[in-house]
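Lettering of chains follows the sequences in order, A, B, ..., and the numbering in each one begins at 1.
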Protein chains: 2
Amino acid sequence: MSTPARGGTAALAPRDQPPGSRERLFGIGVAAARAGVSERALRYYQQLGLITPSGRTPGGLRRYSQDDLARVARIRQLQTLLGLNLDEIAVVLRNEDRLAEIRLAYHRQLTSDADRRELLRESLTLQQDLRVTVEAKRSAIEGFLADLDARIARTRSLL
Amino acid sequence: MSTPARGGTAALAPRDQPPGSRERLFGIGVAAARAGVSERALRYYQQLGLITPSGRTPGGLRRYSQDDLARVARIRQLQTLLGLNLDEIAVVLRNEDRLAEIRLAYHRQLTSDADRRELLRESLTLQQDLRVTVEAKRSAIEGFLADLDARIARTRSLL
DNA sequence: CCAAGACATGACGTTAACGTCAAGGTCAGA
DNA sequence: TCTGACCTTGACGTTAACGTCATGTCTTGG
């Protein structure tokens, strides 16, 4: 493992700041704080393939972008709101990633028309599956809440 | 620990079947199957004080009633729907139990008026706390669903 | 250039919520 | 009465999602 020479063959190296869009990047400490999770959690998510920091310093330190933080928020949302485990979350995220790719390919016409339609259908199905479970959860919660309100009303009536 | 003599001083022992209401009782195997959980889970819930089978055979085998099964269902609901852990669930259940007791005491006037009002207020507060968290969850899920629907619409529009 | 944080990569520890196995008791029916 | 299915308690195992070191590296202000 040789430390890559800084400024050497920088052709493919991810630029630190694309001059136009001033993308602020954070170290793992700040990123974790902003995302409301631990550094360990961020490394763990990465280990499971849920996120990859959008950059590394030449020395190997992780650099997180705003989008990365949004992704972490999404993970937490799927975790706490829907109760999915990290493996299930990986599936959802992979699907969303593919959709984003398809959207790009759609504009640049990099893939064949048939391929895109195929991928689109597949993604749509996955999204609809997710929708079904979420909808079920919603109605269940609604029932729970109605029940709870009834209990509260009964309790109030005793006062 | 002496095995309690069967048929001894049975004055306070829970009757097996109150002659009027034909309460069917189940062994732990059937109970677990009906509740959709494992036998181990039932024993574990009992260990944590979440449920107590409403009876035991003279030999010590657990007997679960319909109400017990409903209670297990409630546990599962709080677990999967709200994401509470078993300790938090214990709090909720204890509160609900107390409310039920209060209702009984209310009719039979076993406690002082002041005591009952005090307990009622306390229970009401707990219920309202729960309501707040549930309501938060509901609106969060609603937002999630709206967002998901928007994504689905966008995906559809690409087809 | 150099010290003080911040960070990287293992590797082992922890907690909740059970799973599983062992060594026996209990019960209902033939 | 006796067998086979069901059940008991106790103890140890398991899995997910991290927590917590230990040890060495990177980065940055002075």
When you measure from every atom of DNA chain C, which of residues 60-76 of chain A have a heavy atom less than 4.0 Å away?
A/G60, A/L61, A/R62
Using the 3.5 Å cut-off, write out each protein N or O paired with an N or O of nucleotides 19-22 of chain C and the distance between them.
from	atom 1	to	atom 2	distance (Å)
C/dG19	OP2	B/S38	OG	2.4
C/dG19	N7	B/R40	NE	3.2
C/dG19	O6	B/R40	NH2	3.0
C/dT20	O4	B/R40	NE	3.2

How would you list, by chain and number, every residue that makes a salt bridge (Lys or Arg N to Asp or Glu O under 4.0 Å) with A/R131, sequence neighbours excluded?
A/E135, B/D149
5'-most by nearest nucleotide on DNA chain C - B/Y44 or A/R43:
A/R43
Under the rule for salt bridge (Lys or Arg N to Asp or Glu O under 4.0 Å), what residues qualify as partners of B/R151, not counting sequence neighbours?
A/E96, B/D147
Take the protein atom CD1 of A/I28 and the nucleotide atom C1' of D/dC26, then report the distance between them rounded to whole Å.
14 Å
Calculate the interatomic distance between A/L42 atom CG and C/dA6 atom P; express it in whole Å.
16 Å
With side chains defined as the heavy atoms from C-beta onward, is the minimum distance between A/I28 and A/R43 less than 4.5 Å?
yes
Salt bridge (Lys or Arg N to Asp or Glu O under 4.0 Å) filter on A/E142, not counting sequence neighbours, yields B/R138
Can you name the salt bridge (Lys or Arg N to Asp or Glu O under 4.0 Å) partners of A/E88, sequence neighbours left out?
none
Side chain to side chain contact (heavy atoms under 4.5 Å, CB included) filter on A/I102, not counting sequence neighbours, yields A/L119, A/L120, A/S123
Euclidean distance, atom CG of residue A/L50 to atom C1' of D/dC18 [Å, nearest integer]:
13 Å
Please tell me which of the listed nucleotides, D/dT27, D/dT8, C/dA8, lies nearest to the side chain of B/R56?
D/dT8
For A/L48, which residues count as a side chain to side chain contact (heavy atoms under 4.5 Å, CB included) partner, sequence neighbours excluded?
A/Y44, A/L50, A/L86
Any pair counted as salt bridge (charged side-chain N to carboxylate O under 4.0 Å, His left out), so long as it reaches residues 118-129 of chain B, sequence neighbours left out
B/R98-B/E122
Which atom of A/P53 lies closest to which atom of A/Y64, heavy atoms considered
CB-CE2, 3.8 Å
Where along residues 78-97 of chain B does a heavy atom fall under 4.0 Å from DNA chain C?
B/Q79, B/N85, B/L86
For B/Q66, what residues pass the side-chain hydrogen bond (donor to acceptor under 3.5 Å, both in side chains) criterion, not counting sequence neighbours?
none
The side chain to side chain contact (heavy atoms under 4.5 Å, CB included) partners of B/Q128 (sequence neighbours excluded) come to A/I152, A/R156, B/L124
Would you say B/T57 places a side-chain N or O within less than 4.0 Å of OP1 or OP2 belonging to C/dC27?
yes
Give a yes/no answer on whether the side chain of A/Y45 brings an N or O atom under 4.0 Å of OP1 or OP2 in D/dC18.
yes
